[in-house]
Amino acid sequence: MPTFKAPKGTRDFYPEDMAVRRRIEDAWRSASIGHGFEEIEGPTFEHLGLYTVKSGDGIVSELFSFRRSGGTDDYALRPEFTPTLARMVAARGGSLPRPIKWFAIPSHFRAERPQRGRLREFFQWNVDMLGLDDPSADAEVLSTGLAALDALGLRPDVATVRLSHRDAVASALEALGVERESMYAAFQLLDRRDKLPPEEFAKKAGDLGLGPDGLAAFDRLARIRRPITVDPAEIAAETGVPVAAFEPMVALREALDDAGVSEWCEWDLGIVRGLAYYTGTVFEVHETGGGERAIAGGCRYDGLVELMGGPPTSAVGFGMGDVVLGLVLRDRGLLDGIEPPRPTVFVLVADDVAERPAARILASLRQAGVHARRSYRATRNVGKLMSEASRAGAGHAVIVGRELEEGMVVVKDLRGGGQETIPVDSLVTMFTGGDDE
RNA sequence: GCGGCUGUAGCUCAGGGGUAGAGCACCUGGUUGUGAUCCAGGACGUCGCGGGUUCAAAUCCCGUCAGUCGCCCCA
């Protein structure tokens, strides 16, 4: 018989893994709802064209795409959610009340070589706010993400938001002599500042029309890392760029301050993020040590809904994957002790004649909404059964046995250790009365 | 697509040309009811796979596959 393994880059979620996943998803969902976002979902696969129209044909090699046997349409498992979101917004056009505040926790699929923090199937929390062209929307979206991180135990000393603003950087680069038509190439170079040898960096910068002075300023700009409270005039002085270029950053900073999250944030003008359709604010959330990939990435994408056939719609959102976040949380012990739901009651049968009464007791507990389990072993050895109840993490064990003759059962508190003999009739009340966990 | 490292029991690993090992976990029983660091017993492997060398390969050689980490890319 052939043996099968989970496909490359996918994961099996055993109960303990599922408990961790639920913890993360619960934090995401709670933060979203608490900040006024509503949950949506879309199809797991879409028309291939939905992705190529936005990202170009080159994206196809990164997708799991397919055609139904005998069919004519090309599909792809969704590699991200934003196109689906933009499609959904475009489909309802202007009929949706603005701003639109939606979140989703979809699975995604990418045909990449797996490595640390990157798998072929993963879950990504998406939070998006559309139809409000104001920095307060950027701040609201970002603070939603940070609320989830906070709920999971991460704090500003452990996770940092690196922020930039494409309009500000574009103005700065223009002031340094970069032609408008070279702007996208300049962003790409900015993104690769730490990966290229200095000579190559200088050469590519020269191709953009930058002289030696401009190159030096470009390099300084690319490496700007400052507290978010810094005076833009300081950055202007350091890079030789007129301070007016950094104007968009001031309004963003004020919005972040009002949202109460500026403690998490710093400027990093080297943050670019790849896509051409990004506009305005861009940010990444990183572990402060910086060893892992980005925990989350977000941006403004004011043109995308229109690209999908909808009305011009401003938009800002972010995605946060479960893989890197899980690694960061695990490294800090923040996932220790998470386990699947544990039963309130564990019913054990201590006597052959108690088998059917025990079954009835179990059913009555469950019908009353109590999480109750039983042993499926044949043994009547109470010690072994008690051990099983303990390993199951049950709060109480109910021994159904000889006391039944008097209409009684024994209830043992597995946390505290005490036990009492009570009438069978009062058992359900005991566990629904509110004085038990 | 390219490179490093690792593949031996369910898990963690030892062994290193001559009959396949340990700990943990798991299962059963301990004759009559209380959470095992108790006792006794049990199941467990084509040593990733294929080829080569050898009287003999888990062990040495070659290849291959898988996992993992990195490069490329990263929505």
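So that the names make sense, note that chain A is the first sequence line, chain B the second, and so on, each numbered from 1. The figures here come from the full heavy-atom set of this structure, side chains too, leaving out hydrogens, waters and symmetry mates.
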- If you measure from the C1' atom in B:A58 to the same atom in B:U6, how many Å do you get, rounded? 16 Å
Checklist entry - Can a donor-acceptor pair under 3.5 Å be found between the side-chain atoms of A:K412 and the base atoms of B:G35? => result yes
Quick one: side chains of residues 319-328 of chain A, donor-acceptor pairs under 3.5 Å with protein atoms, not counting sequence neighbours, listed by atom name and distance.
unit_1 : atom_1 : unit_2 : atom_2 : d
A:D322 : OD1    : A:R11  : NH2    : 3.3
A:D322 : OD1    : A:F123 : N      : 2.9
A:D322 : OD2    : A:R11  : NH1    : 2.8
A:D322 : OD2    : A:R11  : NH2    : 2.9

Salt-bridge test for A:R155 and A:D150: reply yes if a basic N is under 4.0 Å from a carboxylate O, no otherwise. yes
Here the distance between atom P of B:C71 and atom CG of A:D194, to the nearest Å, is 13 Å
* **NZ/NE/NH1/NH2 to OD/OE distance under 4.0 Å, A:E200 and A:R192** => no
Separation of B:C26 atom C1' from A:K384 atom NZ, nearest Å, is 13 Å
A:Q419 CD to B:G33 P, in whole Å, measures 14 Å
Distance between C1' atoms of B:U46 and B:G7 (Å, rounded)
15 Å
Does A:E403 contact B:G33 through a side-chain donor or acceptor facing the base, at a distance under 3.5 Å?
yes
Salt-bridge criterion met for A:E292 and A:R116 (N-O under 4.0 Å): yes
*Using the P atom in both, what is the distance from B:U59 to B:G50, to the nearest Å?*
12 Å
Item checked: B:U12 and B:A25, which share atom name C1', separated by this distance in whole Å -> 11 Å
Is there any protein nitrogen or oxygen under 3.5 Å from a nitrogen or oxygen in nucleotides 72-75 of chain B, and what are the pairs?
unit_1 : atom_1 : unit_2 : atom_2 : d
B:C72  : N4     : A:Q115 : NE2    : 3.0
B:C72  : N4     : A:R118 : NH1    : 3.4
B:C73  : OP2    : A:R192 : NH1    : 3.1
B:C73  : O2     : A:R118 : NH1    : 3.3
B:C73  : O2     : A:R118 : NH2    : 2.6
B:C73  : N3     : A:R118 : NH1    : 2.6
B:C74  : N4     : A:K195 : NZ     : 3.0
B:A75  : OP1    : A:G274 : N      : 3.4
B:A75  : O3'    : A:R273 : NH2    : 3.2
B:A75  : O3'    : A:Y278 : OH     : 3.2
B:A75  : O2'    : A:E80  : OE1    : 2.9
B:A75  : N7     : A:R110 : NH1    : 3.3

- Ring centres under 6.0 angstrom apart (A:F45, A:F109): no
inquiry  = A cation-pi test, strictly: NZ or CZ of A:R68 under 6.0 Å from the centre of the six-membered ring of A:Y75 and no more than 45 degrees from its axis. Yes or no?
reply    = no
- Query: Parallel, tilted or perpendicular: which describes the rings of A:H396 and A:F431, with under 30° parallel and over 60° perpendicular?
  - Reply: perpendicular
Separation of B:C39 atom P from A:N381 atom CG, nearest Å, is 17 Å
If the P atom of B:A20 is compared with that of B:G30, how far apart are they to the nearest Å?
36 Å
Whole-Å distance, A:R402 CZ to B:U32 P, equals 12 Å
- Do you see a donor-acceptor pair shorter than 3.5 Å between the side chains of A:E46 and A:T84? yes
Exercise for the section: Rounded to whole angstrom, note down the C1' distance from B:G48 over to B:U8. Expected result: 10 Å
note: A:R380, atom CZ; B:G30, atom C1'; distance rounded to Å ~ 17 Å
To the nearest angstrom, the CG-C1' distance between A:L119 and B:G70 comes to 15 Å
Indicate, with a heavy-atom threshold strictly under 4.0 Å, whether A:K8 touches base, sugar-phosphate, or nothing. sugar-phosphate
C1'-based separation of B:C11 from B:C38 [nearest Å]: 24 Å
ask   = Taking 4.0 angstrom as the limit, do A:R193 and A:D219 come out as a salt bridge?
value = no
Heavy-atom donor-acceptor pair, A:S390 side-chain to B:G35 base, under 3.5 Å: yes
- [ ] Indicate, with a heavy-atom threshold strictly under 4.0 Å, whether A:N126 touches base, sugar-phosphate, or nothing.
- [x] nothing
Contacts of A:V400 and A:R116 projected onto RNA chain B by closest heavy atom; the upstream (5') one is A:V400
Between A:T421 and A:E403, is any side-chain donor less than 3.5 angstrom from a side-chain acceptor?
no
Secondary structure of RNA chain B per the Watson-Crick/G-U criterion (both distances under 3.5 Å; [ ] crossing, | other strand, . unpaired) is ((((((((.[[[[.)..(..]]]].(((((.......))))).....[[[[[..)....]]]]])))))))....
(message) Students often get this wrong, so: under 4.0 angstrom with heavy atoms, is A:G401 touching a base, only sugar-phosphate, or nothing?
(response) base
Donor-acceptor pair between A:R78 and A:Q124 side chains, under 3.5 angstrom:
no
Q.
Distance check, C1' atoms only: B:U54 and B:A9, in whole angstrom units.
A. 29 Å
